[in-house]
Amino acid sequence: MIDLLLANVCKQNVTRFPYEIVRLAEDIAGGLMVTAPSEKDLRDPYLGKYIDKYLRGVDCVSTENRLRILRLIENLALGTAAVGYRTESMHGAGSPQAQRIMIARQGNIEMKKKLAKAIAHIEE
């Protein structure tokens, strides 16, 4: 028999953490994630050298690979992969609000208050 409280807590985290992961990735990527030049621009004989010069990061990562990672983050955050990653994470386990209601019902908060008072030696 599953523990319904823990199942709902788990589902609540499943709906929350993918959004947090994407938020952190977007923060690290910065605005370049959505303003980066296209691959066609990078390969352009005239523009390519400027893109490489101004978007280059550390020597051990090529500008092309840097742009590829930015496009991956863009796809997970805003593109077609976001549907499966973000939307499914939010609604695939049922409504997050329904989970919060079940957690509140099953959490036995009054008992936890009594235990906290006992630990803190509160007698009111």
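Just the heavy atoms: all of them, side chains too, but no hydrogens, waters or symmetry mates, feed the values below. None of these values were measured; they are calculated from a predicted model.
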- Message: Any heavy-atom pair between the side chains of Arg71 and Glu74 that's under 4.5 Å?
- Response: yes
- Message: Are the side chains of Ser62 and Leu67 in contact, using a 4.5 Å heavy-atom criterion?
- Response: no
Do side-chain atoms of [X] reach the backbone of [Y] as a donor and acceptor pair under 3.5 angstrom?
{"X": "Asn75", "Y": "Thr80", "result": "yes"}
{"X": "Asn8", "Y": "Ile103", "result": "no"}
{"X": "Lys117", "Y": "Glu123", "result": "no"}
{"X": "Arg66", "Y": "Leu55", "result": "yes"}

- Message: Between Arg68 and Glu64 (salt bridge meaning N to carboxylate O under 4.0 Å), is one present in this structure?
- Response: yes
- Message: Using a strict threshold of under 4.0 Å (side-chain N to carboxylate O), is an ion pair present between Arg16 and Glu20?
- Response: no
- Does any pair with a residue in residues 40-73 pass ring-ring contact (aromatic ring centres under 6.0 Å, His included), and if so which ones, sequence neighbours excluded? Tyr46-Tyr50
- Message: On a heavy-atom basis, which atom in Asp3 and which in Leu6 lie closest, and how many Å separate them?
- Response: OD1-N, 3.1 Å
- Which atom pair, heavy atoms only, marks the closest approach of Arg56 to Asp59? NH1-O, 4.4 Å
Between [X] and [Y], is there a shared hydrophobic cluster once you connect ILVMFWY residues whose side-chain heavy atoms come closer than 4.5 Å?
{"X": "Ile73", "Y": "Leu78", "answer": "yes"}
{"X": "Ile69", "Y": "Met33", "answer": "yes"}
{"X": "Leu70", "Y": "Leu42", "answer": "yes"}

- Item | Distance in Å, Lys11 NZ paired with Met102 CE, rounded so as to fall on 0.5 Å steps | 8.5 Å
